[in-house]
Amino acid sequence: MTADQVVLVINSGSSSLKYQLVEPSSGRTRAGGGIQQIGEPSSRAGDHEEALRLAFEQMAEAGVDLQACGLLAVGHRVVHGGNDFYRPTLLDDATIVDLEKLSELAPLHNPPALRGIKVARSLLPGVPHIAVFDTAFFHNLPAAAATYAMNRELAERWRIRRYGFHGTSHRYVSEQAAEFLGRPTEALNQIVLHLGNGASASAIAGGRPVDTSMGLTPLEGLVMGTRSGDIDPGVISYLWRSAKMPVDDIESMLNNRSGVWGLAGERDFRRLRGMIESGDGAAELAYDVFIHRLRKYIGAYLAVLGHTDVLTFTAGIGENDAAVRRDAITGMDELGLVIDEDRNASGQRRISADDSPITILVIPTNEELAIARDCVRILEAS
Ligand code: ADP
């Protein structure tokens with residue numbers, strides 16, 4: 001790899017397509033953007049092919065010639081890798097057929113990624129396309145953490161286990177935390193809190209994840225922008241039986257109309273804060289429920305790890321919302337977490353007090369860079 005080579009990273013969701021042209025060696029982003037609301041009347045893109053063509057146009061306008069910019073590979077973020085895909089995978093017709101079979105396991109997330117892959121391969125046929133999976137980092141979760149206590153035969157037949165998601169971010173951030181501390185990941189026990197629209201927590205012992213909050217799907221765990229996180233599975237059968245809601249509607253409600261948005265009608269934490277300040281009780285409750293769940297997971301992972309060296313906040317809320325960080329940690333001195341209010345409020349990277357037994361960090365995630373570097377690794381190995 002030479003310094004001027006780049007990887008185009010594509011994150012193709014159901015109604016959006018985000019892209020970044022990344023220099024894996026320097027970490028520099030040469031171009032980036034996204035096309036939203038694909039398929040809706042207000043959008044400039046009727047489908048993913050149009051969206052990708054628009055992305056290429058945007059890059060051309062930014063002065064990027066994809067044919068002549070040293071494009072090494074196209075890296076595709078794929079949410080669910082199931083049991084079989086846990087390494088970055090060079091895509092050919094056969095692997096795409098295998099990936100299509102996985103859509104049953106992740107009907108909300110994998111089909112849009114596959115659409116993006118197919119369109120990108122047809123528009124850029126001369127470069128390798130590589131899939132990087134959100135589940136990969138958690139492939140080897142200890143059985144006790146990966147297993148649901150349910151009928152074993154059914155679980156095996158339907159591949160039901162806790163897979164975990166946001167793995168690219170949890171891995172990248174835990175490696176960055178180790179680098180910041182000047183220690184090898186193998187020497188550290190870490191908790192990573194990825195708090196964005198989607199939110200997840202992980203416990204990582206010596207570089208190996210030992211638990212994470214998302215499960216078979218990205219619905220489990222923390223309270224999120226529009227997802228419920230943990231909920232009694234009895235709620236689903238109750239709504240189905242008593243409210244006569246079809247299961248697809250229940251699933252869509254739990255994914256798209258729950259979480260902070262479901263409670264307060266707003267999912268963005270900047271606006272949520274404004275609502276709380278103007279005395280909106282629903283917004284305050286939504287915030288309290290979010291914080292309560294987060295604190296429960298921190299406590300759980302301190303117990304799972306036994307000894308913790310570092311806890312790191314990342315993603316949109318984790319990186320920017322000092323009040324969330326304060327409220328997640330305050331009062332945990334006896335558990336080893338002592339926050340320094342001034343450092344936290346002034347946006348420093350290390351926000352723990354000097355005498356805090358556990359170091360508390362804020363580290364920006366960069367999934368695109370991690371995906372681009374994975375692509376380079378797989379190309380160099382093949
Ligand atoms: P995604 O999961 O979509 O990648 P992000 O990691 O970009 O999400 O996080 C998006 C969320 O981060 C926003 O919805 C908002 O709640 C929150 N956020 C971003 N900037 C700030 C800020 N300055 N203060 C508080 N919250 C913020």
Side-chain angles (χ1 to χ4, degrees), residues 9-20 22 29 32-38 76-80 108-109 112-113 116 132 134-135 164-173 176 192-202 212-214 217-229 255-277 280 283-284 286-291 293-294 312-328 344-349 351 362-371:
V9 179
I10 296 179
N11 184 351
S12 174
S14 55
S15 65
S16 72
L17 186 143
K18 291 186 250 176
Y19 66 91
Q20 258 190 40
V22 184
T29 299
I35 287 91
Q36 311 294 331
Q37 281 144 1
I38 298 171
H76 296 269
R77 177 186 180 219
V78 179
V79 170
H80 215 310
L108 302 181
H109 299 97
V132 176
D134 238 26
T135 45
F165 299 87
H166 289 150
T168 305
S169 177
H170 285 278
R171 192 193 70 200
Y172 176 81
V173 169
Q176 292 293 115
V192 176
L193 304 173
H194 175 111
L195 309 177
N197 264 323
S200 61
S202 67
T212 191
S213 58
M214 286 175 166
T217 75
L219 190 53
E220 191 178 340
L222 299 174
V223 175
M224 313 183 207
T226 63
R227 293 183 213 142
S228 62
N255 274 287
N256 306 320
R257 301 191 301 282
S258 295
V260 173
W261 187 89
L263 291 172
E266 174 57 62
R267 70 173 195 184
D268 189 294
F269 271 61
R270 287 159 289 197
R271 289 196 287 270
L272 193 73
R273 176 77 44 210
M275 289 161 70
I276 294 170
E277 279 162 9
D280 185 321
E284 191 174 345
Y287 183 77
D288 290 349
V289 173
F290 174 90
I291 292 291
R293 181 83 49 84
L294 186 54
T312 306
F313 289 94
T314 192
I317 300 166
E319 291 164 28
N320 297 299
D321 197 324
V324 164
R325 295 194 298 260
R326 179 199 63 210
D327 295 340
N344 182 45
S346 60
Q348 294 188 29
R349 196 151 270 215
I351 59 168
V362 180
I363 291 187
T365 192
N366 192 340
E367 288 161 285
E368 289 77 13
L369 177 58
I371 290 172

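Atoms within a ligand are numbered from 1 in the order they appear, just like the ligands themselves. Every heavy atom of this structure was used, including side-chain atoms; hydrogens, water molecules and symmetry mates were not.
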(request) Taking ring pair (Phe, Tyr, Trp, His ring centres under 6.0 Å) as the test, write out the residues that go with H80, two or more places apart. (result) Y163, F165
(message) Would you say S15 and Q36 are linked by a side-chain donor-acceptor pair, where the criterion is simply a distance under 3.5 Å?
(response) no
(request) Anything with a heavy atom under 4.0 Å from ligand 1 counts, so go ahead and list those protein residues by chain and number. (result) G196, N197, G198, R267, D268, F269, R270, A315, G316, I317, N320, D321
(request) On the 0 to 90° scale, with breaks at 30° and 60°, tag the H170-H166 ring pair as parallel, tilted or perpendicular. (result) tilted
(request) Output all residues satisfying ring pair (Phe, Tyr, Trp, His ring centres under 6.0 Å) with F313, sequence neighbours left out; order by chain, then residue number. (result) none
(message) Between R77 and T168, is there a side-chain heavy-atom distance shorter than 4.5 Å?
(response) no
(message) Going by the rule side-chain contact (heavy atoms from CB on, under 4.5 Å), which residues pair with E368 if we only count those two or more places apart in sequence or in a different chain?
(response) V9, Q20, V22, N366
